[in-house]
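Below is one structure, written out as structure tokens, with a few remarks after it.
Nothing here was measured: the structure is a model prediction, and the numbers come from that model. Residue numbering restarts at 1 for every chain, and letters A, B, ... go by the order of the sequence lines.
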Number of protein chains: 2
Amino acid sequence: MPPSSTVENYLKEVYLGVGRLPAGATLLPMGQLASALGVAPGTATTMVKALAESGLVDYEPYNGVRLTAAGTRLAATVLRRHRLVELFLVQVMGMRWDEVHDDAEHLEHVVSDRLIDRIDEMLGHPETDPHGDPIPGKEGTIRERHFETLLTCPVGTRVVVARVSDQDPVFLRFVERHGLKPGQVVSVEARDEVADAVQLRGADDATFTLGARAASKLLVDVTPEAAAAATPSSARDAAPRR
Amino acid sequence: MPPSSTVENYLKEVYLGVGRLPAGATLLPMGQLASALGVAPGTATTMVKALAESGLVDYEPYNGVRLTAAGTRLAATVLRRHRLVELFLVQVMGMRWDEVHDDAEHLEHVVSDRLIDRIDEMLGHPETDPHGDPIPGKEGTIRERHFETLLTCPVGTRVVVARVSDQDPVFLRFVERHGLKPGQVVSVEARDEVADAVQLRGADDATFTLGARAASKLLVDVTPEAAAAATPSSARDAAPRR
DNA sequence: ACAGTGATTTTGACTACTCAAAAATACAAG
DNA sequence: CTTGTATTTTTGAGTAGTCAAAATCACTGT
Ligand SMILES: [Mn+2]
Ligand SMILES: [Mn+2]
Ligand SMILES: [Mn+2]
Ligand SMILES: [Mn+2]
């Protein structure tokens, strides 16, 4: 009767996958879903047909899949559990932000409402997880803010890292080493289209270079208020979100 | 490759079931295993044969099942996770001792070694869980102490509750209300074989009666050292184990 | 219009776990 | 012995999820 872990994973991945779609598109191709879940394409097709039967997704053969309202609500609660757990592991258990994703991936399916509420309360009803991802509300409401990336933001202005859209531990440690955790300040010195690279100046005034691929994974807040509110200069560790 | 939750549950239940066997017996009847797991008898038989195939249990048809050394080791790590999680939920998350069992029942299958070590460390390598159940060591070592019960312990001496062998929330709350949590002191005033009841005097000097069935679920430490070390008189809440 | 290519769906099969009901077994009493 | 009862095992079947490989479809370029 409660949705299985498998169903929860499919719905979550549909939600995340649709979010990564090029502007305009709303249907996630089965191939992308399958590879995100690490299953064979045929498996995803079969499963999605069952989910459509249950009214959790809309499925258009050969076009792709999208969440229904019910599916979105469920995906949001899974995401809420995942992200609250991640933040809990970092904030309370003292784990590193690059090692919490795998644990959360399993815990998200078993933490009870009682426990997740307790965690939420203990953390003071946080709005984002350690990677800057928004934490859906208790009733399945998700407010996704729109951000620029280090590839698209204005050059020469101080911007604040808001979100890192890659869970790979190696990448996360790299990000941390360069002072690019959510809450930290950085500015784009220059962009070189040909070299496919971005010149950055961190809070410690050191400059370094990022490839375009990596730069596009760093979402930044370009509003002046954000830069003003951010930890002025002694930002060695990331400032906690709020 | 890692054991499934199902396998972990079977092994854990075999361990606990064998422990509850009448003195002398070492083989857990299939019927008991099946009902402990809430599964049909035939299901248990099939599963146990598979576990025997994997070398985790010894199975004697029509006689019952018992853990091998490998099976014991695995059961111990599951029990370790279960009990550390329970204590964590009480001590760190502030949950009540009567509501943690269900959460632990699910979490025991998904907490990583990293996380469980962290919990263990955070709790100061505790030896018992909130119900007085011993927490197996990291390497699968279990030291089960032998205890008397309120049905068998000497009359008139102060004894210390060591362990409560029933997870039912209603019973646990009853136990708490009467000051019988692990660590608390009590003494048997009298036993009435005919009435099937035990007269008790709690730390607050109030007396009350327990049926034999309930009394036998309260394991007590009868050594004088235990009574001396226990919270002398102002024992309103249970003293933390160590 | 049409062949080629890549994505998607279908098919057939397999694993893990489960149940209900029938068959077999153990054991205690007569 | 022999029968009755309770327990256990066997049988047949079903669900959830998965894969490999064959079949189908959509689309691109000619
Ligand atoms: Mn994550
Ligand atoms: Mn995250
Ligand atoms: Mn428990
Ligand atoms: Mn316990």
### Message
Please determine whether a side-chain nitrogen of the Lys or Arg among A:D221 and A:R163 lies less than 4.0 Å from a carboxylate oxygen of the Asp or Glu.
### Response
no
### Query
Just checking, is any N or O donor in the side chain of B:H106 or A:H109 under 3.5 Å from an acceptor N or O on the other one?
no
### Task
Report yes if at least one side-chain N or O of A:Y62 is closer than 4.0 Å to OP1 or OP2 of C:dT10; otherwise report no.
no
### Task
Could you list by number each residue of residues 4-28 of chain A showing a heavy-atom separation from DNA chain D of less than 4.0 Å, or answer none if no residue does?
A:S4, A:T6, A:Y10
### Task
For the pair B:F171 and B:F174, name the ring-plane relationship: parallel under 30°, tilted 30 to 60°, perpendicular over 60°.
parallel
### Query
Starting at the 5' end of DNA chain D and moving along, which residue's nearest nucleotide shows up first, A:P61 or A:G38?
A:G38
### Query
If you check every side-chain atom of B:A40, which of C:dC19, D:dC19, D:dA26 has the closest atom?
C:dC19
## Note on the structure
Sorted by number, residues from residues 42-58 of chain B placing a heavy atom under 4.0 Å from DNA chain D are B:G42, B:T45, B:K49
### d(CG, A:L37; P, D:dA16) in whole Å
18 Å
### Task
Kindly determine whether A:D103 and B:S112 satisfy side-chain hydrogen bond (donor to acceptor under 3.5 Å, both in side chains), including the steps that lead there.
CA-CA 7 Å; A:D103 280 281; B:S112 65; 2.6 Å; yes
### Query
In whole angstrom, what separates B:L33's CG from C:dT18's P?
11 Å
#### Entry: Electrostatic pair A:R83-A:E127, nearest N-O below 4.0 angstrom
no
### Task
Specify the separation, in whole Å, of atom CG of B:N63 and atom P of C:dA26.
9 Å
### Task
Nearest whole angstrom, please: distance from the P of D:dA6 to the CD of B:Q32.
17 Å
#### Entry: Gap between atom CG of A:L11 and atom CG of A:L16 - 0.5 Å precision
11.0 Å
### Message
Does this structure show an ion pair linking B:R80 with B:D120, if we count only N-O contacts that are shorter than 4.0 Å?
### Response
yes
### Task
Take the protein atom CE of A:M30 and the nucleotide atom C1' of D:dC19, then report the distance between them rounded to whole Å.
15 Å
### Query
Between B:E105 and B:K12, is the closest basic N to carboxylate O distance under 4.0 Å?
yes
